[in-house]
Amino acid sequence: NPYNPKTPKSAIGRKPGGGAYAGFGEAPPTHSKALAAALASAAKPGKSLNFARHKETIATELYREFNRDGFGGALPEKFEITWNAKLLTTAGLTHYRKVTRSSGVSEYHARIELSTKVLDTAEKLEATLLHEMCHAAAWLLDKCAKPPHGSVFKKWAARVMRVYPVVRVDTCHSYQIHQPYKYRCTQSWCLQEYGRHSKSIDVDAKACGVCNGKLEFLGKFNADGTKAEEKKATAFSLFVKEHFGSVKERLPAGTPHKLVMKELSVQWKSGGGTGKKSRAGDESGNADAEKTLEGK
DNA sequence: ACTCATGATCGCAACTTTAA
DNA sequence: TTAAAGTTGCGATCATGAGT
């Protein structure tokens, strides 16, 4: 089955549009007391902070302090901040809503959406949240959302930057976005690299977007560039790989993916479905292990 | 958190239309 | 002519099962 030349478009890094092509290293060190406190409480002494696990708490704490010291407490105490895993090039978004009642009085609402993929450090979260809060202030306090980074936004940006001199509030951010999964063109004169957030490129089906050459998977990498250890597929994964097609075939046309997985689960538990290999021994072993636990 | 397959979902870039 | 706003299609990621 030869690869067909459907080509991945985006290479590593950001595409132009949001701003300059990436930048100079990391965001400046944190300045806010809230962040310092959140980091101190969340991180084990000696160990580094698990940002992914504590980002929600950090975000709400930052909002509280930013509102108090940067916006004079004029923003709502309760404010919706959600995380979105599908924002890949956008660090954060502020959504506006205006509700006009029959009395003619208008209510202004705002909420902030943050990217789990882009905001992988507390410093990036800090700068982005402050940026989005300036949008929220422009909308809720000045009733002005356009232009997005016009004079009203800049007024708030200047104000909060006086309070937090080390945090930059720019009209566009340029973060280095870490993409753990790397691919590379195998043509020696090309060697174009591709980064993804998941193992999503089928190297047998897709080719290099630059030269149409064959691609290879380089592996998963940590943020510091070192190679992460690869995990081998579990027995159940291999079972899915082997039997997904036939199980789906057996079910009525149009059966949703979820139900195909349920059926695969049934087949798996009944000993492999095809009957060519018995897992009975494994199962009794598991049962024994369970009894041992119960007997404790 | 990650392994497998693949349809559903949705961000986003590119294109088309409207305003100015 | 340009920008802004609306539309559309592509493709990257999520959901989903069990196990490590």
Side-chain angles (χ1 to χ4, degrees), chain A residues 1 4-19 21 50-55 82-96 113-120 145-150 172-173 177-183 194-209 215 217 219-223 227-273 279 282-283 285-287 289-290:
Chain A
N1 188 10
N4 64 54
K6 288 264 177 75
T7 60
K9 279 183 194 157
S10 55
I12 271 176
R14 298 188 67 193
K15 279 170 275 183
Y21 193 88
N50 185 346
F51 176 74
R53 286 189 75 82
H54 295 99
K55 60 185 185 306
T82 57
W83 290 83
N84 185 339
K86 285 196 167 187
L87 292 173
L88 304 181
T89 62
T90 310
L93 286 171
T94 303
H95 295 276
Y96 312 114
E113 209 173 356
L114 299 170
S115 164
T116 55
K117 292 289 193 289
V118 178
L119 304 179
D120 53 1
K146 286 189 281 190
H149 299 117
C172 65
H173 29 68
I177 301 171
H178 176 237
Q179 297 173 303
Y181 299 88
K182 290 207 172 88
Y183 301 80
Y194 297 87
R196 292 295 184 272
H197 287 104
S198 65
K199 222 171 163 179
S200 61
I201 299 180
D202 181 348
V203 296
D204 294 320
K206 309 279 180 172
C208 177
L215 296 173
F217 179 55
K220 193 191 178 192
F221 292 84
N222 301 310
K227 199 164 185 302
E229 66 171 288
E230 44 193 299
K231 296 182 173 177
K232 64 178 176 54
T234 65
F236 181 73
S237 297
L238 294 173
F239 181 81
V240 171
K241 187 192 186 91
E242 192 180 345
H243 296 110
F244 190 96
S246 60
V247 166
K248 195 196 167 192
E249 197 92 2
R250 212 176 300 138
L251 292 166
T255 301
H257 184 74
K258 186 175 178 172
L259 291 181
V260 179
M261 293 303 287
K262 278 233 191 299
E263 178 57 22
L264 276 160
S265 157
V266 171
Q267 297 294 326
W268 168 259
K269 282 171 181 162
S270 70
R279 301 190 336 111
D282 292 342
E283 279 174 2
N286 289 339
E290 236 180 322

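Quick note: numbers below take in every heavy atom, side chains included, and nothing from hydrogens, waters or symmetry partners. Naming convention: chains lettered A, B, ... in sequence-line order (proteins, then strands); numbering from 1 in each chain.
Remark: C1' of dC14(C) and NZ of K258(A) are 13 Å apart, rounded to the nearest angstrom. Between L264(A) atom CG and dG19(C) atom P there is a gap of 13 Å when expressed in whole angstrom units. In this structure, CG of L251(A) is placed 13 Å from P of dG7(B), rounded to the nearest angstrom. If you measure from atom CD of E263(A) to atom C1' of dT6(B), you get 17 Å, rounded to the nearest angstrom. In this structure, the NZ atom of K248(A) is 14 Å from the C1' atom of dT16(C), given to the nearest Å. The nearest whole Å value for the distance from the NZ atom in K182(A) to the C1' atom in dA12(C) is 18 Å. In this structure, K117(A) places its NZ atom 7 Å from P of dT13(C), rounding to the nearest Å. When rounded to the nearest whole Å, the span between CG of D204(A) and P of dT6(B) equals 13 Å.
The side chain of H197(A) places an N or O atom within less than 4.0 Å of a non-bridging phosphate oxygen (OP1 or OP2) of dT13(C). Note on K269(A): a side-chain N or O is less than 4.0 Å away from OP1 or OP2 of dA18(C).
Between the T82(A) side chain and the E113(A) main chain, no donor and acceptor come within less than 3.5 Å of each other.
Checking dA18(C), dT13(C), dA5(C) against the side-chain heavy atoms of S198(A) singles out dT13(C) as nearest. Taking the side chain of L88(A) as heavy atoms from C-beta on, and the options dG7(B), dA5(C), dC12(B), the nearest nucleotide is dC12(B). Taking the side chain of N84(A) as heavy atoms from C-beta on, and the options dG19(C), dG11(B), dA12(C), the nearest nucleotide is dG11(B). Of the listed nucleotides (dC12(B), dA12(C), dA18(C)), dC12(B) has the atom at the smallest distance from the side chain of T89(A).
When the side chain to side chain donor-acceptor pair (under 3.5 Å) test is applied to K227(A), the partners found at least two apart in sequence or on another chain are E230(A). Partners of N222(A) under the side chain to side chain donor-acceptor pair (under 3.5 Å) rule, at least two apart in sequence or in another chain, are T226(A). With sequence neighbours excluded, the residues that form a ring-ring contact (aromatic ring centres under 6.0 Å, His included) with F217(A) are Y183(A). Under the ring-ring contact (aromatic ring centres under 6.0 Å, His included) criterion, H95(A) pairs with no residue, sequence neighbours left out.
The two residues I177(A) and T89(A) make their nearest non-hydrogen contact at CD1-CA, 4.2 Å.
Between the side chain of K86(A) and the base of dT9(B) there is at least one donor-acceptor pair of N/O atoms closer than 3.5 Å.
Heavy atoms of L87(A) sit under 4.0 angstrom from primed sugar atoms or phosphate atoms, though from no base atom.
Here salt bridge (Lys or Arg N to Asp or Glu O under 4.0 Å) pairs that include residues 252-265 of chain A, with residues two or more places apart or in two chains, number zero.
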Review item, nucleotides 3-5 of chain B N/O atoms under 3.5 Å of protein N/O:
residue, atom, partner, partner atom, Å
dT3(B), O2, T234(A), OG1, 3.3
dT3(B), O2, S237(A), OG, 2.3
dA5(B), N3, H257(A), NE2, 3.3

